[in-house]
Amino acid sequence: MSSDQPPAVVRRGTNLDRVGGFNDTVVLDAIRRADERLSRVEIAAATGLSGQAISNITRRLLDAGLVREAGRQKSAGLGKPRTLLELEPTGQYAVGVHLDPAVVTTVVLDLTGQVVARRRAETPASDDPDVLIAGIAATVEQVIAEAGAPRERVVGVGIAAPGPIDVERGVVVNPPNLSAWHLVPLRDTLRVLTGLPVLLDKDVTAAASAEKWAGGPNGRGSFVFFYLGTGVGAGLVIGDEVVRGSSSNVGEIGHVMVDPDGPVCFCGRRGCVGETSQPRYLVQQGIHAGVLAKGIDLDDRHAVDVAFAELCDQAAADADLPGGKVARELIAALAGRIAKVVEDIANLLDLERVVFGGPHWDQLAPFFDEAVRAALEERFLVRSVHPFAVTGTALGADVGAVGAASLVLDHTFSPNPSVLLLGPAESAPSVVVGSAERLMS
């Protein structure tokens with residue numbers, strides 16, 4: 001790891017007997033976050049736990065199949081070589097589902113965060129919740145079978161949905177781009193259909209969690225994950241912690257005004273970034289500019305996606321041609337609008353980087369890096385103190401689904417200091433025995 005990257009933050013354990021479950025997750029999290037395999041001595045130094053506690057915990061984790069021994073490390077002195085530990089990928093699995101108004105992506109992750117099975121399908125045009133949820137449940141079963149994951153090792157399903165959501169009730173409230181969805185009990189319905197614990201969160205929060213879990217150096221420190229799909233959103237990680245807000249609806253940036261002369265948004269104002277970033281709006285601009293054919297049905301999501309891809313292809317193909325030049329100007333204007341929002345978020349929260357991702361990122365990436373970087377170099381107020389990086393996710397178009405599964409792994413295995421508030425009779429459940437049940441609450 002290069003010296004300019006922030007180090008992984010490892011939780012400190014406690015040697016109080018009654019919080020063994022918490023300490024199990026502290027050790028597991030330390031092993032997960034390490035850039036290299038760790039010995040028991042190094043785990044003790046990282047977590048602040050005693051050697052005896054580490055010995056007991058690692059024995060439990062080995063017996064549960066969550067970690068494995070992975071070679072030996074030569075001692076600096078004359079002592080015995082130290083045994084190294086790493087996660088056992090097949091120890092547990094998590095399913096992730098990303099519900100985007102255009103496409104539904106389903107993945108299975110192993111314990112190390114690697115995708116071992118995936119499926120993608122267009123979201124049905126009708127948006128009927130019952131039909132869509134039944135299809136998701138069937139796909140969950142298919143990907144578990146394709147992954148070869150023993151059912152008893154699948155700890156749960158994470159589902160990333162567009163906001164707003166009601167996390168306490170597991171309800172998708174009224175997403176602007178899913179017209180038939182209103183107070184849909186997505187979590188509980190999917191739990192009944194699959195028989196698995198289900199965790200619901202916002203798509204942008206899930207994407208930020210994915211970057212934190214599996215994004216390497218990009219997922220450390222403080223950053224904004226800027227989601228580019230049918231809509232836009234911002235997932236936040238501050239000091240290595242995913243920020244959710246008081247109702248878990250952080251990141252609703254769609255109504256930040258970026259163009260006073262822009263189109264009217266459904267909120268009644270003009271020029272909201274959510275409205276001016278939609279593929280539908282870009283396609284409409286392309287039609288009016290004469291670089292896309294007339295007659296495209298702007299209410300047909302599939303037709304819009306095809307036309308949007310054509311617009312991006314024209315912009316990338318040859319900027320010297322009239323059509324290519326106009327297409328590039330339209331995409332550059334989009335990049336400028338989004339750079340304005342990123343600038344405001346970065347300055348407000350003193351962030352280290354923006355990570356772009358989402359279903360449309362691959363198409364837009366060639367046009368964004370330079371434009372956004374240039375804007376932030378001029379307007380990031382603390383650039384003399386530290387730089388601000390602009391990067392794309394390394395997790396690809398599956399980032400939302402990977403994030404949904406990562407939320408399950410994170411919820412199940414990451415240290416939660418709140419267990420330290422429990423009384424002696426309410427000691428935290430073991431990570432091995434009680435992890436899946438915690439998702440049900």
Side-chain angles (χ1 to χ4, degrees), residues 1-9 202-205 207-212 215-229 231-245 250-262 271-277 282 315 328-358 360-395 399 403:
M1 184 178 68
S2 61
S3 59
D4 59 345
Q5 294 292 351
V9 174
K202 276 188 63 176
D203 47 11
V204 292
T205 304
S209 181
E211 207 65 33
K212 172 178 173 284
N218 274 353
R220 295 177 184 162
S222 300
F223 65 92
V224 55
F225 187 100
F226 201 102
Y227 178 86
L228 294 162
V232 296
L236 290 172
V237 174
I238 306 293
D240 287 300
E241 297 292 340
V242 176
V243 178
R244 287 185 166 80
V250 73
E252 290 289 342
I253 59 168
H255 296 297
V256 176
M257 292 181 63
V258 292
D259 181 7
D261 299 320
C272 294
V273 69
E275 185 71 22
T276 61
S277 300
L282 273 294
R328 180 163 291 212
E329 288 173 351
L330 293 177
I331 302 295
L334 168 65
R337 293 191 292 270
I338 288 176
K340 175 67 171 65
V341 179
V342 172
E343 167 206 343
D344 290 343
I345 297 172
N347 282 323
L348 176 66
L349 299 174
D350 188 18
L351 302 179
E352 296 165 304
R353 74 187 67 83
V354 56
V355 182
F356 284 105
H360 294 307
W361 169 242
D362 287 345
Q363 295 166 311
L364 295 172
F367 315 103
F368 266 58
D369 185 74
E370 183 177 343
V372 177
R373 192 183 306 277
L376 269 297
E377 283 178 355
E378 292 180 7
R379 302 195 292 257
F380 185 54
L381 297 181
V382 294
R383 60 186 179 276
S384 60
V385 179
H386 67 84
F388 185 86
V390 178
T391 185
T393 179
L395 302 177
V399 63

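Between A210 and L395, the shortest heavy-atom contact is O-CD1, 3.6 Å. Of all heavy-atom pairs spanning G358 and V399, the tightest one is N-CG1, 3.9 Å. Of all heavy-atom pairs spanning F388 and A346, the tightest one is CE1-CB, 3.5 Å. Nearest heavy-atom pair across R353 and T391 is CD-CG2, 4.4 Å. Residues G219 and D240 come closest through the heavy atom pair O-OD1, 4.1 Å. In terms of heavy-atom proximity, T276 sits nearest to L282 at O-CD2, 3.6 Å.
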Worked check of side chain to side chain contact (heavy atoms under 4.5 Å, CB included) between N347 and V382: CA-CA 8 Å; N347 282 323; V382 294; 5.7 Å; no
Derivation of the side chain to side chain contact (heavy atoms under 4.5 Å, CB included) call for I253 and I345: CA-CA 10 Å; I253 59 168; I345 297 172; 4.3 Å; yes
Step-by-step side chain to side chain contact (heavy atoms under 4.5 Å, CB included) determination, V256 to K340: CA-CA 10 Å; V256 176; K340 175 67 171 65; over 6 Å; no
Worked check of side chain to side chain contact (heavy atoms under 4.5 Å, CB included) between L351 and V342: CA-CA 10 Å; L351 302 179; V342 172; over 6 Å; no
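From T205, atom OG1 reaches atom CZ of F225 across 11.0 Å, with rounding to the nearest 0.5 Å. Atoms CG and OH, on D203 and Y227 in that order, are 5.0 Å from each other to the nearest 0.5 Å. Atom OG1 of T393 is separated from atom CD of E211 by 3.5 Å, given to the nearest 0.5 angstrom. Rounding to the nearest 0.5 angstrom, the gap separating the CZ atom in F380 from the CD atom in E352 is 9.0 Å. Rounding to the nearest 0.5 angstrom, the gap separating the CZ atom in F223 from the CG atom in L349 is 12.5 Å. How far CG of L228 is from CG of L334: 7.5 Å, rounded to the nearest 0.5 Å.
Looking at E252 and K202, a side-chain N of the basic residue comes within less than 4.0 Å of a carboxylate O on the acidic one, giving a salt bridge.
Looking only at side-chain heavy atoms (C-beta outward), S222 and D350 stay at 4.5 Å or farther from each other.
Under a 3.5 Å cut-off, the side chain of R337 and the backbone N or O of V258 do not form any donor-acceptor pair.
The aromatic rings of F226 and F356 sit tilted, their planes meeting at an angle between 30° and 60°.
In this structure, D259 has no side chain to side chain donor-acceptor pair (under 3.5 Å) partners at least two apart in sequence or on a different chain.
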